[in-house]
Amino acid sequence: MRFMTKSLELNQILELIAQYAKSDTIRNEIINLEPMTQLESISYALDETMDMTTLIFRAGLLPILEDYDIHQLLKYASMDRIFSIQELLYVRLFLLMERDILKYYRELDKLKINPQSLSKYFQNLHTHRSLLEYIQLKIDEDGQILDDATPELLKIRRDISRFDKQLQDKLQKLLGDYGSYLNESVIVQRNNRFCIPVKDTFKNKIKGIIHDVSASKQTIYIEPEATRQITSQIEQLKITEEREIQKIIAQLSEEVHNSHLSLKDNLDIFLSLDFISAKAQYAIRLDAMKPQINDIGTISLIKAKHALLDQGVAISRTLELNKDVKTLLITGPN
């Protein structure tokens with residue numbers, strides 16, 4: 001069958017259709033399609049594509065995102081795996097797409113559009129609004145855990161901010177107190193510690209820890225003893241902050257785990273809609289018409305054009321195969 005379809009250049013047409021798909025799963029499915037042989041299945045597939053073209057013309061493209069396929073993440077969810085922030089962001093995008101597709105479907109009533117063959121897909125979608133809201137209360141769109149994700153995190157970050165200000169105020173005061181000992185009146189970071197640049201000849205005048213020396217050996221970067229206690233408190237708070245963040249991530253992961261079956265149902269529906277949408281968009285590109293089909297062996301092509309040719313310049317042809325004319329022999333490049 002593959003040899004026969006390749007001779008008809010079906011593989012090239014499938015590759016063109018696949019370009020309209022939004023997920024690799026559907027792109028691969030389209031590229032590997034084989035001709036259908038059951039009249040009922042063919043008829044239903046044509047109805048779906050026709051209804052999708054109507055939707056696109058009247059309501060616009062379905063709001064399907066690129067690379068929305070989170071099947072691997074849902075597989076992890078079934079194993080109670082804790083997600084990374086990036087993985088949770090993928091889930092969040094998936095839920096935003098779900099929200100937009102459900103909104104798209106609700107708008108069809110206002111437009112008086114009834115896509116009969118497609119209604120089952122939309123009607124079987126689950127709603128995960130509470131899960132989306134929960135995620136959005138915890139992380140922003142850049143993947144940062146929000147300050148008020150939990151009361152504990154909010155308190156920790158406020159304490160960090162307070163100690164940070166104390167540290168900066170203390171360093172600024174030290175710059176004034178030790179100004180005559182410094183090469184520059186600036187605060188620098190060495191080994192993730194705030195230091196002041198002390199002239200080599202005065203390095204013993206300031207109590208603290210040396211973290212670096214300039215290439216010329218003229219400047220010694222010292223973390224003053226007066227700021228070390230504040231720095232230590234900040235570091236302990238950041239350890240506590242990270243523990244709280246990991247706790248929040250675990251809670252978010254658990255919520256996704258609890259919904260993984262219904263999320264999988266929605267993913268399967270989105271894949272089906274993506275598949276139909278790709279075919280419909282290709283049909284629109286060709287200005288194609290829905291064919292009438294039969295099982296009596298009659299093929300009538302009326303003013304037909306080769307799908308791979310430029311439709312603006314291609315010359316149409318009309319031909320028919322029936323019980324009297326059963327064979328069509330094509331020779332040459334035309």
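Keep in mind it's a predicted model, so treat the numbers as computed, not measured. FYI, the numbering just counts along the sequence from 1. Scope of the values below: all heavy atoms of this structure, side chains included, with no hydrogens, waters or symmetry mates.
- A donor-acceptor pair under 3.5 Å is formed between the side chain of S272 and the backbone N or O of D268.
- Ion pairing between E152 and R158 fails under the 4.0 Å rule for side-chain N and carboxylate O.
- Side-chain contact annotation: N266 with E98, donor-acceptor N/O pair under 3.5 Å present.
- For the residue pair E9 and H306, a side-chain donor N or O sits within less than 3.5 Å of a side-chain acceptor on the partner.
- Using modelled atom types and a 3.5 Å distance limit, the side chains of Q19 and E15 yield no donor-acceptor pair.
- One hydrophobic cluster, built from ILVMFWY side chains closer than 4.5 Å, cannot hold both M50 and L55; they sit in different ones.
- Salt bridge annotation for D169-K165: present, with a cationic side-chain nitrogen under 4.0 angstrom from a carboxylate oxygen.
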Worked verdict on K279 versus E29 for salt bridge (Lys or Arg N to Asp or Glu O under 4.0 Å): CA-CA 12 Å; K279 293 187 294 179; E29 183 175 334; over 6 Å; no
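- Ring centers of Y105 and Y121: at least 6.0 Å apart, outside the cut-off.
- In this structure, I113 and E107 have side chains that are not in contact, with every pair of non-hydrogen atoms separated by 4.5 Å or more.
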message: I'd like to know whether Y221 forms a side chain to side chain contact (heavy atoms under 4.5 Å, CB included) with I196, so could you lay out the CA-CA distance, the side-chain angles of the two residues, the decisive distance to 0.1 Å, and finally the verdict.
response: CA-CA 6 Å; Y221 297 98; I196 54 178; over 6 Å; no
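- Using a distance-only test at 3.5 Å, with no hydrogens or angles considered, a donor-acceptor pair links the side chain of T240 to the main chain of Q236.
- Within 6.0 Å of atom CD in E40, 12 or fewer heavy atoms from other residues, nucleotides or ligands are found, so the atom counts as exposed in its surroundings.
- Using a 4.5 Å cut-off on side-chain heavy atoms (C-beta onward), H128 and L263 make contact.
- E255 contributes atom CD, which lies 8.5 Å from atom CD of Q251 (distance to the nearest 0.5 angstrom).
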task: Kindly determine whether E241 and L153 satisfy side chain to side chain contact (heavy atoms under 4.5 Å, CB included), including the steps that lead there.
output: CA-CA 6 Å; E241 177 191 29; L153 184 63; 3.8 Å; yes
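- Within the 4.5 Å cutoff, side-chain heavy atoms of T150 are placed close to those of K138.
- In the hydrophobic cluster analysis, where Ile, Leu, Val, Met, Phe, Trp and Tyr join through side-chain heavy atoms closer than 4.5 angstrom, L137 is grouped apart from L88.
- Using a 4.0 Å cut-off between a side-chain N of Lys or Arg and a carboxylate O of Asp or Glu, D100 and K103 do not qualify as a salt bridge.
- In this structure, D69 contributes its side chain and S23 its backbone to no donor-acceptor pair below 3.5 Å.
- Within the 3.5 Å criterion, the main-chain N or O of P115 finds a donor-acceptor partner in the side chain of S119.
- Within a 6.0 Å sphere centred on NZ of K75, heavy atoms belonging to other residues, nucleotides or ligands number 12 at most.
- In this model, a donor atom of one side chain and an acceptor atom of the other lie less than 3.5 Å apart for Y68 and D274.
- Between K199 and the choices L182, T219, N183, the side-chain contact (heavy atoms from CB on, under 4.5 Å) rule is met once, by N183.
- Side-chain contact check for D109 versus N114: every heavy-atom pair is 4.5 Å or farther apart.
- A 4.5 Å side-chain heavy-atom check between L89 and S84 finds every atom pair outside the cut-off.
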task: Given side-chain hydrogen bond (donor to acceptor under 3.5 Å, both in side chains), test E242 with Q246 step by step and report yes or no.
output: CA-CA 6 Å; E242 183 58 30; Q246 292 306 314; 2.7 Å; yes
- request: Check the pair E320 / N322 against side-chain hydrogen bond (donor to acceptor under 3.5 Å, both in side chains), numbers first and verdict last.
  value: CA-CA 6 Å; E320 181 173 314; N322 51 44; 2.8 Å; yes
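- The environment of CG in N294 is crowded: more than 12 heavy-atom neighbours from other residues, nucleotides or ligands sit within 6.0 Å.
- Side-chain atoms of T25 and H71 include no donor-acceptor pair closer than 3.5 Å.
- In the model, Q281 has a side-chain atom that pairs as donor or acceptor with a side-chain atom of S277 under 3.5 Å.
- Applying side-chain contact (heavy atoms from CB on, under 4.5 Å) to I85 and the options D142, L252, I249 leaves one that passes, I249.
- The aromatic ring centroids of H257 and F83 lie less than 6.0 Å from each other.
- A distance of 12.0 Å separates CD of E48 from OG1 of T53, quoted to the nearest 0.5 Å.
- Remark: I56 CD1 to L62 CG distance equals 7.0 Å, nearest 0.5 Å.
- R92 places no side-chain N or O within 3.5 Å of a backbone atom of Q136 that could act as its donor or acceptor partner.
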Stepwise side chain to side chain contact (heavy atoms under 4.5 Å, CB included) test for S253 and R81: CA-CA 7 Å; S253 299; R81 175 178 175 273; over 6 Å; no
- request: I would like to know whether Q172 and I187 meet side chain to side chain contact (heavy atoms under 4.5 Å, CB included); could you show each step before the answer?
  value: CA-CA 8 Å; Q172 290 297 331; I187 300 168; 3.4 Å; yes
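- A parallel orientation is assigned to the rings of Y178 and Y181, their planes being inclined by less than 30° (bins at 30° and 60°).
- Note that OH of Y44 is 11.0 Å distant from OG1 of T49, once rounded to the nearest 0.5 Å.
- In this model, a donor atom of one side chain and an acceptor atom of the other lie less than 3.5 Å apart for S214 and S216.
- Salt-bridge formation is not detected for the pair K238/E235: no Lys NZ or Arg NE/NH1/NH2 atom is positioned less than 4.0 Å from an Asp or Glu carboxylate oxygen.
- Using a cutoff of 4.0 Å between basic side-chain nitrogens and carboxylate oxygens, R157 and D147 are scored as salt-bridged.
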